[in-house]
Amino acid sequence: MQSLLNRTQQILPSGSANILARTFIQPIQDRRIYQHPILEIPEKKKVDFTWNGVKLQGYEGEALSSSLIANGQTVFGFHTRDGSPQGIFCANGQCSQCMVVVDGLSKKSCMIPLEEGMNVKYAELTLPKSHESFSTKDIPTKEVDVLIIGGGPSGLSASIELGKQGVDVLCIDDKDRFGGKLVLQTHKFFGSAEECYAGTRGYRIGEILEKEVRKYESVTLKNNSTALAVYSDKTIGILTNGKYELIKPKKLLVATGAREKFLSFPGNTLPGVYGAGAFQTLVNRDLVKCSDKVMIIGGGNVGLIGGYHAIQAGIEVVGLVEALPECGGYKVHEDKLRRLGVPIMTRHTIVEAKGDEKVEQVVIAQLDDNWNIIEGTYQTYDVDTILLAVGLEECREFTDKAKKYGLDVYSAGDAQEIAEASAAMFTGKIAGRKILKSLGKKIQIPEEWEEKAEILKSKPGEVQLEREQFEDNEGFFPVFHCFQDIPCDACTAACSHGNIETGEEGITEIPQFIGEVDDCDGCLRCVSECPGLAVTLVDCNDDPDNPVVTFPYEIWKSDVKVGSKVEVIDDFGATIGRFPVERIIKRGETLLVSVKMPFKYAKSAASVVKKIEKVDPQLIYEKKSPKDSSIVCRCERITAGEIRKVIKDGARDMNQIKIATRAGMGACGSKTCNSVIGRIFREEGIPPEDITPRVMRPLYVEVSMGAFAGLD
Ligand code: SF4
Ligand code: SF4
């Protein structure tokens with residue numbers, strides 16, 4: 001792959017004149033991540049493929065979109081309506097923006113595993129050659145007790161419950177590995193250590209769950225397998241590596257997760273505007289550095305974690321923008337970013353993405369209390385990426401269809417209600433037990449399970465900076481830089497001496513050290529297992545006036561050395577001073593860095609850092625684009641202005657809007673524009689009860705008609 005760096009070859013598009021009247025060149029780059037502070041870089045088989053006639057290399061079986069971006073190719077085609085450049089948005093088969101032509105057929109590149117010799121071209125209007133004559137084959141129908149669509153945290157957890165009872169289960173997932181969104185998470189999880197692996201990294205939890213499921217012979221796991229439709233005869237059509245079959249289950253569990261919401265602003269479809277899931281897929285799952293400089297939009301957990309993942313991948317985070325007065329995500333996540341020097345700009349909004357063929361700049365501005373932009377507060381940053389983390393919505397199309405056709409259907413995880421993956425594991429377990437009961441198995445659903453699931457879904461509480469602290473400079477004691485009620489007991493569970501409490505009965509209260517001097521033996525497990533990197537340990541044993549404070553540290557590991565001085569900061573990001581490193585211990589992927597400092601600083605010292613340099617924005621914003629020029633329907637290139645006009649003209653039925661404007665008629669089946677149109681209704685003061693929803697289409701991938709006819 002390194003040889004690609006030395007190549008000066010550039011890709012010149014060929015083919016259809018309407019899109020290629022403009023000259024567009026994307027230099028080939030090597031965008032692979034070869035070093036990561038948490039993830040190992042696996043050995044993979046390289047294969048050749050062609051992209052607009054140019055030979056490139058990728059890894060066999062990885063998503064084709066990742067292979068392209070790994071080679072510096074972010075523009076996947078040009079829209080036939082207005083010639084606008086197209087690039088990946090969701091990387092999850094939902095949005096259709098990554099469409100390319102593969103061996104003559106239009107495909108979503110994020111859903112196609114790369115194969116040797118693939119001939120890939122810009123998306124263009126192509127029709128496959130028709131077979132001159134062919135005979136159809138019967139489509140096999142397989143009966144199972146339970147079909148589970150989705151092998152993420154909830155689908156796998158349900159499989160375990162069903163497998164324990166020997167129930168015949170088929171669990172399918174449309175990706176090349178199981179775990180769903182867990183696969184994308186490099187951070188340690190919150191929640192309950194006993195019930196849902198708090199303190200373990202997300203991708204590891206996915207591996208643990210899959211391993212557990214594979215113990216049960218009655219459960220079949222099938223990956224690269226996509227559910228296409230639920231039919232009125234209570235069968236479900238699935239496509240596995242191009243082969244179509246019908247499944248007739250007694251029970252159906254929909255564990256299809258969630259899709260990301262899109263946002264309306266001028267320039268919102270430029271390549272380089274990614275949903276947070278796409279970004280995490282590229283950097284964490286496929287180890288592709290898709291960006292050099294990113295602005296995060298959205299201060300919920302997804303945006304905050306996305307920012308941290310970006311820094312782990314060596315990407316500069318110029319800031320995080322949140323429209324609310326406070327970030328909605330956990331403060332411990334927010335603090336990790338603040339300590340690294342990332343500006344968190346609350347009460348701000350994105351105004352525009354600027355660029356010709358891809359994102360080159362982002363404009364943000366401050367909001368007043370009525371959500372209006374305050375003139376004169378515009379800031380323009382040079383970035384190549386905008387990460388949108390503005391919420392999720394449930395993928396529930398299969399549930400609705402199954403209910404309509406009288407199938408006994410259940411849902412779990414984000415497909416049931418958007419929440420943390422820890423809650424999804426619980427709702428999956430509960431759904432598994434409900435299915436067992438419906439199959440006549442004598443099994444109980446413990447009452448406390450529902451309660452626990454609700455606790456795991458709970459929102460973070462108020463920030464409380466005041467708390468009781470260990471006063472004396474004796475022995476060992478931990479300090480908690482965790483100032484908010486959140487569902488997490490990883491520190492409590494880590495301490496085998498029972499020194500830490502996160503509430504007498506629950507797991508949501510702010511942690512406290514409840515031990516006495518000498519109760520803590522300095523094992524450092526609470527420091528290494530806290531997912532928020534929010535526990536430090538003070539050791540006063542050798543020198544009470546100058547104790548050693550141990551910090552968790554995960555990012556620029558090679559920059560921290562014994563004997564060298566490191567910057568130490570407090571809970572608010574202010575520098576306390578530079579102090580010598582006494583010792584470094586490796587615990588898994590986390591370094592425990594011990595630093596000697598005066599006792600007066602020991603309890604306020606929150607972190608050792610190497611802060612990223614602050615990027616100063618330009619304060620000039622000329623050539624403003626009209627707000628309503630933003631795209632709502634990406635597939636059909638329909639603007640907010642066009643939608644607003646038909647709403648002002650009286651349209652209240654989403655299906656009318658579709659007929660009048662074509663919004664929602666494109667390849668994604670209105671999965672991207674639906675929530676944005678809802679927002680325009682709100683802006684126009686139309687109450688939700690006056691709006692007739694549209695008919696949603698569940699098909700997630702392009703399927704050749706031949707597959708439905710049983711052809712290869
Ligand atoms: S250092 Fe070990 S013994 Fe002390 S509080 Fe933490 S986990 Fe418990
Ligand atoms: S200090 Fe305890 S409760 Fe807070 S994030 Fe860390 S492990 Fe969870």
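As the structure lists them, so they are numbered: ligands from 1, and atoms in each ligand from 1.
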Winner among Cys488, Pro552, Gly199, Gly191 once heavy atoms are compared against atom 8 (Fe) of ligand 2: Cys488
Note: Glu334-Arg338 ion pair, threshold 4.0 Å (strictly below): yes
Sole residue of Arg204, Lys188, Lys557 in salt bridge (charged side-chain N to carboxylate O under 4.0 Å, His left out) with Glu589: Arg204
Plane angle bin for Tyr274 and Phe279 - parallel if under 30°, tilted between 30 and 60°, otherwise perpendicular: tilted
Under-2.8 Å protein N/O/S neighbours of atom 6 (Fe) of ligand 1, ordered by chain then residue number: Cys526 SG
Heteroatom N/O/S of Cys530 within less than 2.8 Å of atom 8 (Fe) of ligand 2: no
Asp384-Ser291 side chain donor-acceptor pair, cut-off 3.5 Å: yes
Ligand 2 versus Tyr330: contacting region, heavy-atom distance under 4.0 Å: neither
Distance filter under 4.0 Å to Pro531 heavy atoms, resulting ligand 2 atoms: 7 (S)
Min side-chain heavy-atom separation Leu287-Leu39 under 4.5 Å: yes
Residue Phe190 vicinity, atoms of ligand 2 by number, heavy atom under 4.0 Å: 5 (S)
Pair Ser528-Thr590, side-chain donor/acceptor within less than 3.5 Å: no
Nearest neighbour in protein (non-hydrogen) for atom 4 (Fe) of ligand 2: Cys482 SG, 2.4 Å
Mutual orientation of the aromatic rings belonging to His481 and Phe483 [parallel < 30°, tilted 30-60°, perpendicular > 60°]: perpendicular
ring-ring contact (aromatic ring centres under 6.0 Å, His included) partners for Phe262, two or more places apart: Phe89
Proximity of Tyr203 and His187 rings by center, below 6.0 Å: no
